Amino acid sequence: MTSASCPVPVGSYDRVVLGHGSGGRLSHELFARVFAPLLGKDKAFALEDQAVLPMPREGRLAVTTDAFVVNPLVFPGGDIGSLAVHGTVNDLAVGGARPLCITASFVLEEGLPMPLLERVVQSMHLACDAVPVRLVAGDTKVVDRGKADGIFITTTGVGVVPDAISLSATKARPGDRVLVSGTLGDHGITILAARQGIDLTTALESDSAPLHGLTSAMLAASPHIRCMRDLTRGGLSSALNEIAAASRVGVKLVEKTVPLRPEVRGACELLGLDPLYVACEGRLVAVVDAAAAETVLAAMRRYPLGKDAAIVGTIVADHPGVVSLRTLVGGERIVALLSGEQLPRIC
């Protein structure tokens with residue numbers, strides 16, 4: 001008599017297979033091998049379909065959600081794992097929030113090398129520890145080969161905003177100063193160089209970093225900060241155009257005051273890119289009352305991530321909703337919203 005049995009995948013895998021998304025044994029093995037360490041000390045969260053969090057005694061809850069699809073997955077200065085943590089933390093921080101926790105959803109492509117996945121998850125774990133912020137819940141799905149370009153990560157972040165803080169893009173007023181926390185375009189040009197194999201002859205790295213410490217120092221220095229934005233897709237241009245539209249004011253930038261690394265400036269000139277549109281992942285723009293601008297600038301420069309901070313422009317009553325730039329040669333041009341994408345798949 002011949003016995004028949006259904007084949008069951010066995011052994012350890014060096015690549016992600018569709019069975020890792022089945023919800024069965026392979027899913028549990030993947031979770032135990034790769035994702036459980038990401039939860040750190042909060043292992044109780046791994047046993048439930050949700051995380052139950054205590055309500056803050058003071059302040060208001062802030063919530064943000066984001067998705068990360070960077071290509072390549074690993075780049076000088078970071079990878080998609082640390083980028084996902086930093087991007088989520090920064091969305092909370094520029095609203096004045098203290099980050100508390102993150103959830104994450106991973107879409108994995110069949111065939112993804114397991115060591116690469118382990119590196120990304122470990123990087124995410126280290127980035128959470130460094131903030132610190134807790135990763136309290138997550139989910140994993142696997143799609144067919146060619147359907148996800150390796151890894152997609154979606155996050156939700158929760159933080160607490162003190163009652164005394166109320167930042168908004170609607171609060172910019174004529175006379176306010178525009179401050180940036182450091183050099184622009186480092187992340188975008190790093191990603192482009194890594195993707196295209198461009199030799200920049202220097203060790204340019206992504207500026208990906210968590211900004212919560214910097215924003216805390218700024219808010220401690222002065223209560224007269226109107227709003228802050230992190231400079232991701234669309235760079236400084238998009239952030240300021242959004243603020244100008246929301247507050248119904250104009251923005252005048254001065255090109256010579258905008259901090260740029262020489263290699264970023266050179267790459268933009270060579271490739272026909274405008275650095276004002278190139279994304280950052282560890283930089284912010286702040287609109288500050290004129291009387292407090294120098295105080296806030298000094299506080300930023302005392303913090304490592306703000307050492308290259310600069311005042312780059314002024315909020316004006318003229319041309320509401322429009323951002324303009326006084327160029328190096330003394331002319332003036334409009335810095336409009338992009339109609340397309342200079343550098344796709346960078347965050």
Side-chain angles (χ1 to χ4, degrees), residues 66 68-94 99 120 123-124 126-128 130-131 133 153 155 178-196 198 200-218 228-240 257-268 271 273-286 297 299-312 342-347:
D66 210 339
F68 301 87
V69 295
V70 67
N71 176 29
L73 297 173
V74 178
F75 47 83
D79 57 44
I80 193 172
S82 59
L83 182 70
V85 174
H86 296 160
T88 308
V89 166
N90 293 348
D91 282 346
L92 294 169
V94 294
V120 166
S123 176
M124 205 167 183
L126 294 174
C128 285
V131 171
V133 65
I153 301 177
T155 61
V178 178
L179 286 66
V180 295
S181 63
T183 54
L184 304 184
D186 294 9
H187 176 75
I189 296 303
T190 296
I191 295 298
L192 178 63
R195 184 184 300 169
Q196 303 297 334
I198 300 173
L200 297 176
T201 70
T202 60
L204 183 66
E205 292 187 345
S206 168
D207 51 45
S208 180
L211 293 169
H212 63 295
L214 176 61
T215 57
S216 293
M218 294 167 64
M228 294 186 284
R229 289 291 180 93
D230 58 332
L231 305 178
T232 54
R233 287 177 302 169
L236 180 62
S237 167
S238 287
L240 289 180
T257 64
V258 176
L260 292 174
R261 297 186 188 278
E263 52 268 46
V264 171
R265 187 187 300 277
C268 286
L271 299 171
L273 302 175
D274 187 335
L276 298 180
Y277 294 90
V278 179
C280 309
E281 286 294 340
R283 303 284 188 260
L284 63 80
V285 61
L297 180 64
M300 295 171 75
R301 288 178 172 173
R302 286 193 294 268
Y303 197 83
L305 288 176
K307 63 182 179 64
D308 296 318
I311 297 175
V312 298
Q342 278 197 132
L343 301 173
R345 300 288 308 282
I346 56 171
C347 60

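Quick caveat: nothing in here was measured; it's all calculated off a predicted structure. When reading the values below, keep in mind they use all heavy atoms of this one structure, side chains included, and skip hydrogens, waters and symmetry mates.
Of the possible polar contacts, one joining the Asp79 side chain to the Ser82 backbone as a donor-acceptor pair under 3.5 Å is found. For the pair Asp66 (side chain) and Thr155 (backbone), a donor-acceptor distance under 3.5 Å is absent. With Asp230 contributing its side chain and Val94 its backbone, the two residues share no donor-acceptor pair below 3.5 Å. A donor-acceptor pair under 3.5 Å links the side-chain atoms of Ser181 to the main chain of Leu284, judged by distance alone.
Side-chain contact check for Met218 versus Leu179: every heavy-atom pair is 4.5 Å or farther apart. A 4.5 Å side-chain heavy-atom check between Val133 and His212 finds every atom pair outside the cut-off. Taking 4.5 Å as the limit, some side-chain heavy atom of Val285 sits within range of a side-chain heavy atom of Leu236. With contacts defined as side-chain heavy-atom distances shorter than 4.5 Å, the pair Leu192/Val278 does not qualify. Counting heavy atoms from C-beta on, the side chains of Cys347 and Arg233 come closer than 4.5 Å. In this structure, the side chains of Leu240 and Leu276 stay at 4.5 Å or more apart for every pair of heavy atoms. You'll find the side chain of Leu305 reaches within 4.5 Å of the side chain of Leu211, heavy atoms only. Inter-residue side-chain proximity for Arg283 and Asp186 is flagged as met; some heavy-atom pair is nearer than 4.5 Å.
When all heavy atoms of Ile189 and Cys268 are compared, the closest pair comes out as CD1-SG, 4.0 Å. Scanning all heavy atoms of the two residues, the minimum distance from Glu281 to Gly87 falls at OE1-CA, 4.3 Å. In terms of heavy atoms, Ala84 sits closest to Met124 at CB-CE, 4.1 Å. Scanning both residues, Val264 and Leu184, for their nearest heavy atoms gives CG1-O, 3.6 Å. Scanning both residues, Ser206 and Thr190, for their nearest heavy atoms gives N-OG1, 3.4 Å. In terms of heavy atoms, Ala194 sits closest to Pro72 at CB-CG, 4.0 Å.
Take Thr257 and apply the side chain to side chain contact (heavy atoms under 4.5 Å, CB included) test, not counting sequence neighbours, and it matches Val254, Val312. By the side chain to side chain contact (heavy atoms under 4.5 Å, CB included) test, Ala279 is found to be paired with Ile346, residues two or more places apart in sequence or in another chain being considered.
Of the inter-residue distances, the one linking Ile80 atom CD1 with Phe68 atom CZ reads 8.5 Å to the nearest 0.5 angstrom. Taking OG1 of Thr232 as the start and NE2 of His86 as the end, the distance is 14.5 Å to the nearest 0.5 Å. Atom CG of Leu73 is separated from atom OG of Ser123 by 11.5 Å, given to the nearest 0.5 angstrom. The CG atom of Leu214 sits 5.5 Å away from the CE atom of Met300 when rounded to the nearest 0.5 Å. For the atom pair OG1 of Thr88 and CG of Asn90, the computed distance is 8.5 Å after rounding to the nearest 0.5 Å.
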